[in-house]
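All values below were derived from every heavy atom in this structure, side-chain atoms included, with hydrogens, water molecules and symmetry-related copies excluded. Just so it is clear: chains get the letters A, B, ... in the order the sequence lines come, proteins before strands, and each one is counted from 1.
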Amino acid sequence: MIPPDVAPADLSIFTLFWQAHWIVKSVMIGLMACSVWVWAIAIDKLILYARTSRAMDGFEQTFWSGQSLEELYRMVSSRPAHSMAALFVAAMREWKRSFEGGPRSFAGLQMRIEKVMDVTIMREIERLERRLLVLATVGSAGPFIGLFGTVWGIMTSFQSIAASKNTSLAVVAPGIAEALFATAIGLVAAIPATIFYNKFSSEVNKQAQRLEGFADEFAAILSRQIDERA
Amino acid sequence: MRTGYTISAIGHALVLGWGLVSFSAKPFEAPPIDSVMADVISESEFNQLTAGIRTAQQVAKPAPVVDKIGEVKEPPKDPVEKVTTKPEVQMTAAEPPAPQPPDIKPPEPKPPQSRPPEPQPAASQPPAADPKPEPDPIAEALAREEAKRKEEAKKLEEAKKREEARKREEARRREEARKREEVKSDLDRIETALLDKRAPQRQAVTGTMVNPTPSLGATTGTALQLSQDEIARLRAQLYSCWNPPVGVVEAKDLVVTVRFSLNRDGSLLGEPIVVNRGRNALFQIAAEAATRAVRRCQPFRLPASKYEAWQEIEVNFDPIDMFRG
C-alpha cells in the first residue's frame, strides 16, 4: 500500500524515459535514432530529387535547342554529370570510341550504345533509390519495435503492481504511460517514414521513366546517324 | 547527406525540447477517492445515534429556509377538509350490499363429500342390538333386506348431497368473482376521486426574514466515520510495523486486540492497552509485538478532519490476516 502522502510520479518526457526499464530505454533510443535517420534521408532525398528534376529540365532544354551534339558533349563532359547528362555522355563516349579508330562496321554500334545507356540508367536509378529501403524498413518495423517496448513496459508495471499489492490508478498509470510512450515514439518514427517512402518511390519511378524516354529518343537519333554514315 | 542529418537532428532536438516544456505537467495527480462503506445499521443502533439526552441543553430552534419576506403561511388547520370538499363518489344504481374488503373471504361451506360418511347406527345396530342367541333365518333375511334398502337409500341421498354441494360451490365461486370485480371497480373510482388535479407549482417559502442557508449541522457529529480506504491505510501502516511471532502453531489463538488513543497529530496518547486475553502460551509475546507495532508506527497518517473518529482506536492484530496479505 502506498502511503497517501507520497507524491505521484512526475510524468514529463524526461522522467518517462528515465524511469523505464533498460530494454524499454534502448527501444526508445533506437526509435529516436531511427526517426532522426528517417528525417535526414527524407531531407536529403527531397533536395536530391528537386535538383535532379531541375537538372533534367535544363539539359533537355539545351539538348533540344538545336546545339550540335559534339559541342554539347564537349560542354557536358568537362564536369561530372548526373542523370540525363550522364546518359548522354555515356552514349556519346561509346559513339566517339567507335569512330575514333577509323571507319569500322557499325553493325554492333547500335546495340552497344543501348547497352551503355541501360547501364547508366540503372546506375542513376540506383543512386536515386539509395537508402529508400531504410524508410521502408522503419515504416514497417517501427510500430512493432515500439509495441515491443510497450509490452515490456506493461509487463514490468504489472510486476510492480504485484509487488505493491495495490491496483490503484496511481500505481498502474505511470508504468503504462511510460510503456505507451515507446509505442508513441515508434509511431512518430514510422508514420513519416511510410509517407516519405511512398512519395519517394513514385518520384523515382517518374524520373526513371523520364530517363528511359530520353534514352530511347537519343538512341533513335544516334541510330539515324549511324544509318546515314553507313 | 550531411545537410539532411543536421536539419533532422536539429528538428528532433527542437521537438524534444518543446515536449519537455509542454509535457511536464503532472496529469495523474488524482486524489484517492474514498470508497463508500455499505453498512447495515440496525434499528436500535439508529435509535442510539439519534437518541437525545435528558440533561441536554435547550437549543434554539433552527430557522427554516426562507426565500422571501412575507406572511407566514400556516399549514391548513384541517387536513381532512380537502377530502370532504370532493364531490361525493357516485355509486351505480344497482349497488350490491356494502363491498367487503377483498381479503375477508366468506366462510367456506365445507364440501360434505369430504367428510367420510358416518356409519349409520341403524345399519350396524341390528346385529349388535339383537341379543337373541337363536338364529332366526327369516328375521335375519328381513334384517339383511332392510339393511340393503337402507344402504341404497343412503347412497341415493349421498349422490343428491354431492350434486347439491357442487352447485353450491359453483354459485359461491360466481359470487366471489362478482365481488372481486366490484371491489376492483370501487378501488378505481376511489383512486380517480382522490387524484389531485391541480397544476403542480412551487411556492416561495415565506417567512419574517430571508434565510437562504439551511441550518448548520452539529460541528462534531458523532456519526463521523473513517472511510474504508482510510481504515485499510491505517491497517497497512500498522501491519508494516508489526513483526508477528513466526512459526507458531494455533496462530488463530494469537489474535491480539489493542486499544490506543491518539493525539490530533497522529502520535500516541498514553500507552496501548491489550484488551483481550489468550490461552496460548505465546500470547504474551504476540501482545508485546502488537503494542510494539503500535508504538513504532506513530505518527499515524489519518485525516485530521475526522479526529473524533480515530482518537480512540481498537485494532485486531491477526496473524492469519497478516500472512494472507
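- Looking at Met32(A) and Leu16(B), their side chains come closer than 4.5 Å, going by heavy atoms from C-beta outward.
- Looking only at atom types and distance, the side chain of Tyr5(B) has a donor-acceptor partner in the side chain of Trp37(A) under 3.5 Å away.
- Both the backbone and the side chain of Ile41(A) come within contact range of chain B, with heavy atoms under 4.5 Å apart.
- Heavy atoms from other residues, nucleotides or ligands lying under 6.0 Å from CE of Met75(A) number more than 12.
- Annotation: Trp39(A), atom CH2; neighbour count of heavy atoms from other residues, nucleotides and ligands within 6.0 Å does not exceed 12.
- Looking at heavy atoms from C-beta onward, Ile43(A) lies out of side-chain contact with Thr3(B) at the 4.5 angstrom threshold.
- Ser35(A) and Ser8(B) get closest at one heavy-atom pair: O-OG, 4.2 Å.
- By the neighbour-count criterion of 12 heavy atoms within 6.0 Å, atom CZ of Phe317(B) is densely surrounded, having more than that number from other residues, nucleotides or ligands.
- Environment of CZ in Arg51(A): sparse, with no more than 12 heavy atoms of neighbouring residues, nucleotides or ligands closer than 6.0 Å.
- Within a 6.0 Å radius of CD in Glu314(B), more than 12 heavy atoms belonging to other residues, nucleotides or ligands are found.
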